[in-house]
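Working notes, beginning with the structure itself.
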Amino acid sequence: MSEEKKSLNFIEQIIEDDLNNGMPKENLRFRFPPEPNGYLHIGHAASICLNFGLGLKYNAPVNLRFDDTNPAKEEQEYVDAIKKDIEWLGFEWDKELYSSDYFQQLYDWALDMIKAGKAYVDEQNSSDIAEQKGTPTTVGKNSPYRDRPIEENLALFEKMKSGELEEGSCVLRAKIDMSATNMYMRDPVMYRILNKSHHRTGNTWHIYPMYDWAHGESDYVEQISHSLCTLEFKHHRELYDWFLDQIYQPQLVRPKQREFARRNLSYTVMSKRKLLELVEEKFVAGWDDPRMPTISGLRRRGYTPSSIRKFSETAGISKRDNVTDIALLEFHIKNELNKSAPRVMAVLDPVKVIITNYPEGKEELLKAENNPEDDQAGYREVPFSREIYIEREDFREQANKKFFRLKLDKEVRLKNAYIIKANSVVKNEEGHITEIHCTYDEDSLSGSGTEASKRKVKGTIHWVASSHAVPAEVRLYDRLFLDEAPDSHKGKDFKEFINPNSLHINTKALVEPSLKTAEIGDRFQFQRLGYFNVDNDSTQNHLIFNKTVGLRDSWAKQEHKK
RNA sequence: UGACCCAUGGUGUAAUGGUAGCACUCCGGUUUUUGGUACCGUCAGUCAAGGUUCGAGUCCUUGUGGGUCAACCA
């Protein structure tokens with residue numbers, strides 16, 4: 001059997017190189033380290049798939065570590081949501097850990113650094129410190145407190161810790177190099193005073209470690225071999241390594257930070273700050289609004305875990321800034337749902353059709369195929385009667401040959417049913433069509449095998465029998481932004497590009513009776529319309545569907561071109 | 001007037017000095033009781049200029065373009 005040679009992404013290449021250079025395979029360990037200050041989005045999914053995917057590939061453990069070093073922004077709600085999303089995506093973490101688990105260890109190490117003359121307490125305020133930091137093109141200046149005696153540093157740091165000092169009164173800084181070209185090396189802050197209650201440690205601590213001090217050391221405590229993060233942390237690497245130098249014991253695994261490009265998606269934004277803005281300013285209903293690029297939003301929209309994993313896989317990993325076409329995500333969900341979603345009939349904009357030669361009071365149960373892509377899916381029965389509803393846009397009094405649907409004096413096939421011909425229309429005072437009168441060919445029933453049933457008519461349309469039609473609400477979504485990259489315009493707020501028509505709530509839809517028993521989360525193909533799922537808000541008496549994604553619509557495209 | 005990173009069709013990626021490939025999108029066609037699916041096909045790319053080499057998308061130099069860095073955020 002010939003094995004297909006799969007190419008490696010640059011991260012996998014680094015790991016292979018490490019393995020070839022003698023790193024034992026058992027040393028491989030990864031982590032996914034979200035800050036619990038917001039919901040996970042499709043960009044995080046890329047990172048999750050990367051880290052957990054590597055875990056699976058190398059049979060290595062992957063920790064879930066909450067980077068909870070800032071009690072001002074972090075909440076339990078987010079911890080719970082993040083865990084739910086990762087599980088839903090289908091991944092299992094080895095250990096659930098928190099940076100706050102290491103507060104004591106971090107503190108002890110900080111003490112060692114002070115004693116070694118590598119850290120000092122700075123009593124200046126933040127703007128003075130910022131000013132002394134210089135700029136990327138000019139060097140910084142040393143703090144007047146930089147050479148404070150060790151004993152004094154120890155005493156002050158103790159005071160910071162015990163809560164005797166006010167927030168902002170002083171910080172602990174690493175003593176590195178105020179003239180470094182890398183701004184992060186200009187005596188970075190290690191600890192700040194925060195008199196806030198922490199979601200896990202309560203009021204135990206009054207000082208909290210900064211990201212740079214906590215992250216690499218946490219990786220080290222957990223013995224993470226490869227610490228993967230996004231490109232904007234590139235410059236932090238030098239500091240990551242410097243902090244590691246202070247505590248590293250050669251017999252242990254030394255974590256390596258490597259950076260990859262974050263995954264951006266067209267027609268949306270992908271930063272927690274901006275997504276939070278959309279939520280707080282009510283542009284959307286919440287983090288799980290189906291228009292949001294969050295995992296929870298996509299879930300509610302009807303996306304499947306595997307479609308998101310496939311997307312991440314095919315989009316790949318690299319180091320270049322990118323905006324991936326949302327069409328790729330949509331391709332994967334359509335591709336999956338085409339194979340798995342049962343077909344049903346639903347009419348979104350109903351107009352009544354009366355089949356004048358069909359006996360009054362008669363009803364038939366017609367056999368309908370559940371999924372032509374799946375032999376196991378079987379058949380269901382749909383009721384048919386003299387009065388039915390069809391889609392208003394599927395009828396025109398007059399139209400050219402390109403219009404394959406119902407028009408006066410022409411025939412069309414009703415899906416799973418008969419061939420009908422339109423004879424006349426009834427209109428109200430405004431000239432609006434209220435009824436279409438048709439006749440049917442009674443020998444043309446789908447699947448009956450008769451000569452008439454095999455007749456070729458160009459169009460086939462969906463319908464719902466009027467007496468059994470079930471009313472439903474259908475929520476139709478369009479992209480949240482009108483611009484491909486709403487946050488890429490200098491001097492313009494991304495919210496200027498919000499699509500005012502991103503949600504259309506349709507309350508007059510009619511669906512076939514088999515959907516009465518549909519449950520929250522169920523996914524269907526509304527034939528000729530698209531894929532829909534049952535929304536969380538849905539109840540037995542009030543069905544609510546979300547449009548996940550439309551079918552490819554070459555008719556609409558052709559119409560649009562005119 | 002700095003440092004660092006990046007540059008392959010419209011988009012996302014592969015080619016590890018040796019035939020520029022794959023997927024999405026777009027466009028065209030065949031099949032079709034979903035204008036869906038499936039199938040077939042078309043268009044389309046190595047940022048530029050030098051250099052090294054038998055051979056460069058890949059290595060070197062310079063340039064150009066884009067990104068990142070001056071929170072007591074992560």
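In what follows, chains carry the letters A, B, and so on, assigned in the order in which the sequence lines appear, proteins first and then strands, with residues in each chain numbered from 1. Quick note: numbers below take in every heavy atom, side chains included, and nothing from hydrogens, waters or symmetry partners.
For T135(A), the listed nucleotide lying nearest its side chain is A70(B); candidates were A70(B), U34(B), U68(B). In the set C69(B), U11(B), U34(B), C69(B) carries the atom at the smallest distance from any side-chain atom of M183(A). Side chain of T324(A), nearest nucleotide from G35(B), G12(B), G36(B): G12(B). For E373(A), counting side-chain heavy atoms from C-beta on, the closest listed nucleotide (U68(B), C73(B), G36(B)) is G36(B). Of the candidate nucleotides U13(B), C4(B), G36(B), U13(B) has the atom lying nearest to any side-chain atom of N322(A). The side chain of D67(A) lies closest to A74(B), out of C27(B), A74(B), U34(B). Among the nucleotides C4(B), A74(B), A14(B), the one closest to the side chain of H236(A) is A74(B). Checking A70(B), U25(B), C5(B) against every side-chain atom of K133(A), the shortest atom distance belongs to A70(B). Among the nucleotides A71(B), A15(B), G12(B), the one closest to any side-chain atom of A315(A) is G12(B). Here the nucleotide nearest the side chain of D325(A), chosen from U34(B), G10(B), U32(B), is G10(B).
Nucleotides C26(B) and G12(B) are separated by 15 Å at their C1' atoms, to the nearest Å. Using P as the reference atom, C24(B) and U42(B) are 15 Å apart when rounded to the nearest Å. A23(B) and U64(B) are spaced 30 Å apart, taking the C1' atom of each and rounding to whole Å. Rounded to whole Å, the P atom of A48(B) lies 14 Å from the corresponding atom of A7(B). Separation of the P atoms belonging to A20(B) and G57(B) is 9 Å when rounded to the nearest angstrom. Atom name P, nucleotides G29(B) and U11(B): the rounded distance is 26 Å, in whole Å. Taking the C1' atoms as reference points, G21(B) lies 12 Å from G45(B), given to the whole Å. Rounded to the nearest Å, the gap between the C1' atom of U16(B) and that of U30(B) is 41 Å.
Rounded to an integer number of Å, the gap from OH of Y191(A) to P of C73(B) is 14 Å. In this structure, CG of N9(A) is placed 15 Å from P of U16(B), rounded to the nearest angstrom. Distance, H44(A) NE2 to A74(B) P: 15 Å, rounded to whole Å. Rounded to a whole Å, the CZ atom of R263(A) is 14 Å from the P atom of U11(B). One interatomic measurement links the two molecules: CD of E238(A) to P of C69(B), which rounds to 16 Å at whole-angstrom precision. Between the CG atom of L328(A) and the P atom of C22(B) there is a distance of 17 Å, given to the nearest Å. Rounded to an integer number of Å, the gap from R405(A) CZ to G35(B) C1' is 7 Å. E75(A) has its CD atom 17 Å from the P atom of C73(B), to the nearest Å.
The stacking criteria are not both satisfied for Y211(A) over the base of A74(B), which would need a centre-to-centre distance under 5.5 angstrom and an angle between ring planes under 30 degrees. No aromatic stack links F331(A) and the base of A23(B), using centre distance under 5.5 Å and interplanar angle under 30°.
Base pairing annotation: A70(B) forms no Watson-Crick or G-U wobble pair, as no partner gives both donor-acceptor distances under 3.5 Å. Nucleotide A56(B) is matched to nothing when pairs are restricted to Watson-Crick or G-U wobble geometry with both distances under 3.5 angstrom. Across all strands shown, G21(B) forms a Watson-Crick or G-U wobble pair with U13(B), both key distances being under 3.5 Å. The partner of U30(B), taking Watson-Crick or G-U wobble pairs whose two distances both stay under 3.5 Å, is A38(B). The pairing partner recorded for A7(B) is U64(B), the criterion being a Watson-Crick or G-U wobble arrangement whose two distances lie under 3.5 angstrom.
Contact annotation: R528(A) side-chain N/O to G35(B) OP1/OP2 distance is under 4.0 Å. Regarding contacts with the backbone of G35(B), every side-chain N or O of K557(A) stays at 4.0 angstrom or more from both OP1 and OP2. Look at R273(A) and you won't find any side-chain N or O under 4.0 angstrom from OP1 or OP2 of A74(B).
At the heavy-atom level, T69(A) lies under 4.0 Å from the strands shown only through sugar-phosphate atoms. Counting non-hydrogen atoms under 4.0 angstrom, V189(A) reaches the backbone sugars and phosphates but no base. Using a 4.0 Å heavy-atom cutoff across all strands shown, P372(A) reaches at least one base atom of the nucleic acid. Within the nucleic acid shown, E16(A) has no heavy atom closer than 4.0 Å to any nucleic acid atom. At the heavy-atom level, K456(A) lies under 4.0 Å from the strands shown only through sugar-phosphate atoms. Residue F311(A) is classed as having no contact, given no heavy-atom separation below 4.0 Å to the nucleic acid. The residue L529(A) sits apart from the nucleic acid: no heavy atom pair falls under 4.0 Å. Nucleic acid contact class of G447(A) (heavy atoms, under 4.0 Å, all strands): base. Among the protein residues, E167(A) comes within range of no part of the nucleic acid, since none of its heavy atoms lies under 4.0 Å from any strand.
Between H198(A) and Y208(A), the ring-plane angle classifies as parallel under the 30° and 60° cut-offs.
In textbook terms, a nucleotide whose glycosidic angle is within 90° of 0 is syn, while A70(B), being further out, is anti.
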Check the pair E364(A) / Y418(A) against side-chain hydrogen bond (donor to acceptor under 3.5 Å, both in side chains), numbers first and verdict last. CA-CA 12 Å; E364(A) 291 178 85; Y418(A) 299 94; 2.6 Å; yes
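A side-chain donor from one of E77(A) and Y39(A) sits under 3.5 Å from a side-chain acceptor of the other. With hydrogens and angles left out, the side-chain atoms of S446(A) and N416(A) include no donor and acceptor closer than 3.5 Å. Judged by distance alone, the side chains of E336(A) and S307(A) never bring a donor and an acceptor atom under 3.5 Å apart. With hydrogens and angles left out, the side-chain atoms of D212(A) and H236(A) include a donor and acceptor closer than 3.5 Å.
Annotation: side chain of F66(A) is not in contact with side chain of P33(A) (no heavy-atom distance under 4.5 Å).
The base of U34(B) has none of its N or O atoms less than 3.5 Å from a complementary donor or acceptor on the side chain of H462(A). Between the side chain of R552(A) and the base of G35(B) there is no donor-acceptor pair of N/O atoms closer than 3.5 Å. For U33(B), the base has a donor-acceptor partner in the side chain of R413(A) [N/O atoms by modelled type, under 3.5 angstrom].
Between the side chain of R523(A) and the backbone N or O of Y303(A), at least one donor-acceptor pair lies under 3.5 Å.
Comparing N335(A) and T137(A) by the nucleotide of RNA chain B that holds the closest heavy atom to each, the one mapping nearer the 5' end is T137(A). RNA chain B is contacted by both E123(A) and Q13(A); Q13(A) maps to the nucleotide lying nearer its 5′ end (nearest heavy atom per residue).
Atoms CZ and CD1, on R413(A) and I419(A) in that order, are 4.0 Å from each other to the nearest 0.5 Å.
Centroid-to-centroid, the aromatic rings of F233(A) and Y240(A) stay 6.0 Å apart or farther.
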